[in-house]
Amino acid sequence: MNKYKIGMISLGCPKNQVDGEAMLAKLVDAGFEIVNSIEESDLMIINTCGFIEAAKTEAIETILEVAEYKNAGVISAIVVTGCLAERYQDEVKKEMDEVDAVIGIGANADIVKVCQKALMGIETTSFPNKCFLSIDDKRITTTPNHWAYLKIAEGCDNKCSFCAIPGIRGKFRSRTMESIISEAEQLADNGVKEIILIAQDTTKYGYDLFGEYSLDKLLKELVKIEGIEWIRLFYCYPQRITDSLINVIKSEEKICNYLDIPLQHSHPDVLRNMHRVGTGDTYRELIAKLRSEIPDLILRSTLMVGFPGETQEQFEDLCRFVKDVKFDKMGCFAFSSEEDTLAYDMDNQLDEDTKNRRQELIMDIQYGVTLDCNKDRIGKEYTVIVDSCEDDGRYIGRSYMDAPDIDTGIIFTAKNKIEIGSFVNVIITDFDGYDLIGEMV
């Protein structure tokens, strides 16, 4: 019997990547072979993102590029999954005839049947309830062997006025603690040394199960797992960072002193219109508290400019905030007007030039902050996990300050060959823009 080969292109956030990894595991169990290139594939799965306009554009362009391979006879079938498929169900198949199957996230469990049908020339569209998306399936990790994402919850109840995620992903629901711990133990057995906890709202973990925020309790269990050396936290909402969570982070050596806190803005009127909790002042207080309590804390945040009605004065308030707070890491998005969100129909939409100019200005401010931070790190020594080796013999690694795929890293030299995934000590000697330069001690 012919063993069909399947490739996957997974777009968007780590949460979507984990969903893709679960689908790959199902396909392997069913006897399919997973390959890493379109040219080797009989069928390609495109696991899409559909969060903002840029992500939708990338997904559509990717589908069209893969469609060229199908038209040329290189592959036989195309299956589209993920957030774009969930959000624009009928439109994907209607607009792109080359696509053989379009399935929503609730149909991920049926990926084997969907692929089998597609290879037989049978088209499929399936959009069951989002609650059927399993959050504790076995998966095949597609990250390097030494680190992996670990999804602890799915969905979101926050209903920010600019965000389409609740409509795409459904209500917030936590995995059981036993399920998460079991998967973390399996990852450790497979050689994973760093796990990155992800969810749409990581700090809300456990509220639906236990009636209280329980990320702190989960962390206390995860640090007990032998083999896991670093635990990193993404997507921590400011209003749910409890004193207990702070105490766990600062007292447990395995938990990286690194917090990703999406704040979006600083001006109270903009935040109110975004349906976000907090103000620039409350954020300043939280950040001061975190830096006081947690030694050498690295703070990452995501901001948004160009929200409907954002005045020049409100934008300047955000600029001052970025200068004052001095985030160690920061990203900034220009507002994307998304249908099925409250902000889509708001008055005073800003033009694209204004939004893009404000985004550039914020990132210019942040670049200056980053350069100052990097200057201060010259001469300091850090424990670094080795991610890769360059052709010129230099290594690229990360300290606790850097998340993989999102942050920059440390480029360093070593006198002897180093195993990828190992920990070494590196002293910082210089920097090049966002990147630190160093030598292994």
Side-chain angles (χ1 to χ4, degrees), residues 8 10 12-29 34 36 47 134-154 174-199 202 205 215-236 248-249 252-260 298 300 382-389 395-410 418-426:
M8 176 182 283
S10 195
C13 70
K15 300 176 287 292
N16 198 47
Q17 182 175 342
V18 169
D19 292 345
E21 292 172 343
M23 285 188 278
L24 290 178
K26 286 178 169 49
L27 291 163
V28 169
D29 286 346
I34 305 303
N36 294 321
N47 189 32
S134 175
I135 53 177
D136 54 8
D137 278 346
K138 179 176 79 170
R139 60 192 174 106
I140 295 175
T141 55
T142 55
T143 51
N145 294 335
H146 57 283
W147 67 268
Y149 295 114
L150 182 56
K151 187 194 282 192
I152 64 172
E154 180 54 78
S174 303
R175 287 177 69 176
T176 66
M177 202 171 293
E178 293 78 11
S179 169
I180 297 168
I181 294 166
S182 175
E183 183 175 1
E185 289 172 341
Q186 291 171 15
L187 292 170
D189 289 342
N190 292 334
V192 170
K193 298 176 182 178
E194 176 183 8
I195 55 173
I196 302 167
L197 304 191
I198 56 172
T202 306
Y205 172 75
L215 180 58
D216 54 338
K217 296 178 178 63
L218 174 63
L219 288 169
K220 287 178 182 178
E221 296 302 317
L222 291 175
V223 296
K224 299 175 184 177
I225 298 173
E226 189 175 346
I228 299 297
E229 300 295 332
W230 281 358
I231 300 172
R232 193 179 298 274
L233 302 178
F234 276 7
Y235 313 119
C236 299
V248 171
I249 293 170
E252 293 291 348
E253 197 172 307
K254 288 186 177 183
I255 303 173
C256 294
N257 290 350
Y258 175 109
L259 277 176
D260 170 61
I298 297 299
R300 168 175 255 290
Y382 296 99
T383 299
V384 170
I385 192 167
V386 184
D387 283 332
S388 63
C389 181
Y395 290 89
I396 297 179
R398 296 173 292 106
S399 71
Y400 80 95
M401 301 184 293
D402 310 298
D405 287 349
I406 294 174
D407 299 325
T408 51
I410 299 174
I418 309 171
E419 184 180 350
I420 303 302
S422 60
F423 288 95
V424 297
N425 289 333
V426 173

Just by modelled atom types, is the [Y] backbone N or O under 3.5 Å from a matching donor or acceptor in the [X] side chain?
{"X": "Asn16", "Y": "Asn47", "answer": "yes"}
{"X": "Ser399", "Y": "Met401", "answer": "yes"}
{"X": "Lys254", "Y": "Leu222", "answer": "no"}

Give the minimum heavy-atom separation between [X] and [Y], together with the two atoms involved.
{"X": "Phe234", "Y": "Thr202", "value": "O-OG1, 2.6 Å"}
{"X": "Val18", "Y": "Tyr149", "value": "CG2-CB, 3.8 Å"}
{"X": "Ala22", "Y": "Asp137", "value": "CB-CB, 4.0 Å"}
{"X": "Ala153", "Y": "Ser174", "value": "CB-CA, 3.9 Å"}
{"X": "Ile225", "Y": "Ala188", "value": "CG2-CB, 3.9 Å"}
{"X": "Ala148", "Y": "Thr141", "value": "CB-CG2, 4.3 Å"}

Rounded distance [0.5 Å steps], [atom1] in [X] versus [atom2] in [Y]:
{"X": "Ile140", "Y": "Lys26", "atom1": "CD1", "atom2": "NZ", "answer": "11.0 Å"}
{"X": "Ile180", "Y": "Ile152", "atom1": "CD1", "atom2": "CD1", "answer": "5.5 Å"}
{"X": "Tyr205", "Y": "Leu219", "atom1": "OH", "atom2": "CG", "answer": "10.5 Å"}
{"X": "Thr408", "Y": "Asp402", "atom1": "OG1", "atom2": "CG", "answer": "5.5 Å"}
{"X": "Asp260", "Y": "Ile196", "atom1": "CG", "atom2": "CD1", "answer": "10.5 Å"}
{"X": "Leu187", "Y": "His146", "atom1": "CG", "atom2": "NE2", "answer": "13.5 Å"}

Residue of the set Asp387, Asp405, Asp407 for which salt bridge (Lys or Arg N to Asp or Glu O under 4.0 Å) holds with Arg398: Asp387
Indicate yes or no: at least one non-hydrogen side-chain atom of [X] is less than 4.5 angstrom from one of [Y].
{"X": "Val223", "Y": "Val248", "value": "no"}
{"X": "Glu221", "Y": "Lys224", "value": "yes"}
{"X": "Ile418", "Y": "Tyr395", "value": "yes"}
{"X": "Glu252", "Y": "Ile231", "value": "no"}
{"X": "Tyr400", "Y": "Thr383", "value": "no"}

Under the salt bridge (Lys or Arg N to Asp or Glu O under 4.0 Å) rule, what pairs show up with a residue in residues 225-235, not counting sequence neighbours?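 Those involving residues 225-235 are Glu194-Arg232.
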Would you call Glu183-Lys151 a salt bridge at under 4.0 Å N-O?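 Judged by the 4.0 Å cut-off on N to carboxylate O distance, Glu183 and Lys151 do not form a salt bridge.
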Between Trp230 and Phe423, does the ring centroid distance fall short of 6.0 Å?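 Judged by ring-centre distance (under 6.0 Å), Trp230 and Phe423 do meet the cut-off.
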Under a plain distance cut-off of 3.5 Å, with no hydrogens placed, do Glu21 and Thr142 share a side-chain donor-acceptor pair? yes
